[in-house]
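Please read the structure below before turning to the comments.
Quick note: numbers below take in every heavy atom, side chains included, and nothing from hydrogens, waters or symmetry partners.
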Amino acid sequence: MSQQQISLPAKLINGGIAGVVGVTCVFPIDLAKTRLQNQRQGQQVYKSMMDCLVKTVRSEGYFGMYRGAAVNLTLVTPEKAIKLAANDFFRHHFAKNGQGLTVFKEMLAGCGAGMCQVIVTTPMEMLKIQLQDAGRLAAQQQKPVIASPTKLVATNTLLSRSYNSCTLVAPPRAVSATQIAKELLQTQGIQGLYKGLGATLMRDVPFSVVYFPLFANLNKLGKPCPDESSPFYWAFLSGCIAGSTAAVAVNPCDVVKTRLQSLSKGSTEETYSGVVDCVSQIMRKEGPSAFLKGAGCRALVIAPLFGIAQVMYFVGVGEYILDNSPLSMLSP
């Protein structure tokens, strides 16, 4: 693979197909993951992933499970293209004279891919989390919450209603990703869309460092001989295993990232000044187990998503389309 020529148009097609299929299949689980991670002790609206999905359908309808999916579907194509193409580029660069890559160089290539992808990932996650978590906040507000004034937190007045002690608060007004993006740009500039960038780097770089070498070595086990590709089902299984393993490994970072990127807060939910403050508050108030919230959901999301992506990538759907269409002139 390291000696193959990198075709960005083909990677865009592969990433697009894999992204649309994968996100459509697993997005409800990702929504449950976000809501479970944002729950605090004593304010649990959902008991488990299935409880979250059932309550979401009851209160918001079937399409409520796809809040924020449009953002993912729009940006998952370049995100997957950047991640896969960047990893290929770095692997190609590190492979000298046709020699195989050491595990260290594979990890280095994955690190480079993870750093490149956060350019797209951070704003996408920022907008997606606001839309996904809106239903949890609305459900939490159905019951009056008694809290001392010192525990009330300031929320973004453009994105949510004010919270008052000892009162029943109406659900926050519906907002779209476009509205959120415009308001952030107007009030905070471009850096508003990159809130939680440090935590996103903490999650995505280690994820890629674990995922790509693990996938490459698992996939290598399924090759009939060194010069042949592994069967598509082996690539799928390798992507699922590597993806779920990496997802669980970096879940604590994902919890921190989700908390930092949630702009709207419940009446007694904390605000965080940064990564260190977020980690210390979670550890002190909720304990170490809080960093594993949503780990099962995240593994269920990432496993098929990367399994599908690797099948599209290694089967060469994008390359086939480009080679058999007028778009072939775009290939390098």
Side-chain angles (χ1 to χ4, degrees), residues 1-2 4 11 14-15 17-30 32-34 36-37 49-50 72 76 79-88 90-91 94 100-114 117 121 202-226 228-255 257 291-317:
M1 183 178 67
S2 60
Q4 293 176 351
K11 299 301 178 291
N14 289 333
I17 296 173
V20 170
V21 174
V23 168
T24 302
C25 292
V26 304
F27 194 83
I29 304 174
D30 187 58
K33 184 267 302 181
T34 296
L36 289 172
Q37 286 182 340
M49 179 186 73
M50 287 305 301
N72 248 20
V76 75
E79 185 265 329
K80 284 288 179 291
I82 291 171
K83 183 190 286 274
L84 295 173
N87 181 67
D88 252 13
F90 288 117
R91 288 177 69 91
F94 292 143
L101 291 172
T102 63
V103 174
F104 175 74
K105 287 185 177 180
E106 288 179 335
M107 294 174 67
L108 207 57
C111 177
Q117 75 152 99
T121 301
M202 284 174 55
R203 183 197 67 173
D204 288 345
V205 171
F207 177 91
S208 295
V209 168
V210 173
Y211 172 78
F212 283 110
L214 183 57
F215 169 79
N217 286 279
L218 287 174
N219 192 56
K220 192 184 299 181
L221 297 175
K223 293 183 178 181
C225 62
E228 294 184 22
S229 298
S230 59
F232 78 93
Y233 68 85
W234 193 269
F236 175 78
L237 289 174
S238 299
C240 288
I241 294 171
S244 58
T245 302
V248 173
V250 302
N251 194 75
C253 299
D254 191 56
V255 172
K257 181 197 71 65
F291 292 104
L292 294 178
K293 286 184 176 180
C297 294
R298 181 164 165 76
L300 290 174
V301 168
I302 296 297
L305 196 58
F306 275 86
I308 293 169
Q310 291 297 352
V311 168
M312 297 298 176
Y313 187 77
F314 281 91
V315 168
V317 176

Can you tell me how far [atom2] of [Y] sits from [atom1] of [X], rounded to the nearest 0.5 angstrom?
{"X": "C240", "Y": "L218", "atom1": "SG", "atom2": "CG", "result": "11.0 Å"}
{"X": "L36", "Y": "M49", "atom1": "CG", "atom2": "CE", "result": "9.0 Å"}
{"X": "L101", "Y": "L108", "atom1": "CG", "atom2": "CG", "result": "10.0 Å"}
{"X": "T34", "Y": "K293", "atom1": "OG1", "atom2": "NZ", "result": "13.0 Å"}
{"X": "K105", "Y": "C111", "atom1": "NZ", "atom2": "SG", "result": "15.5 Å"}

Nearest atoms (heavy-atom pairs only) where [X] meets [Y]:
{"X": "V301", "Y": "D30", "result": "CG2-N, 3.4 Å"}
{"X": "F215", "Y": "A235", "result": "CE1-O, 3.5 Å"}
{"X": "V248", "Y": "A295", "result": "CG2-O, 4.2 Å"}
{"X": "G222", "Y": "P231", "result": "O-CD, 3.3 Å"}
{"X": "P252", "Y": "A249", "result": "CD-O, 3.9 Å"}
{"X": "R298", "Y": "V250", "result": "NH2-CG2, 3.8 Å"}

Task: Sequence-distant partners of T245, side chain to side chain donor-acceptor pair (under 3.5 Å), two or more places apart - done: none
If we only count heavy atoms from C-beta on, is the [X] to [Y] side-chain gap below 4.5 Å?
{"X": "S244", "Y": "I302", "value": "no"}
{"X": "K83", "Y": "N87", "value": "no"}
{"X": "F94", "Y": "T102", "value": "no"}
{"X": "N219", "Y": "W234", "value": "yes"}

Open item on the list: The criterion is ring-ring contact (aromatic ring centres under 6.0 Å, His included); which residues satisfy it with F207, sequence neighbours excluded?
Closed with: Y211, F306
Task: Under the side-chain contact (heavy atoms from CB on, under 4.5 Å) test, residues paired with V210 that sit two or more places apart - done: A246
- [ ] Report the residue from L300, V255, D254 that forms a side chain to side chain contact (heavy atoms under 4.5 Å, CB included) with K33.
- [x] D254
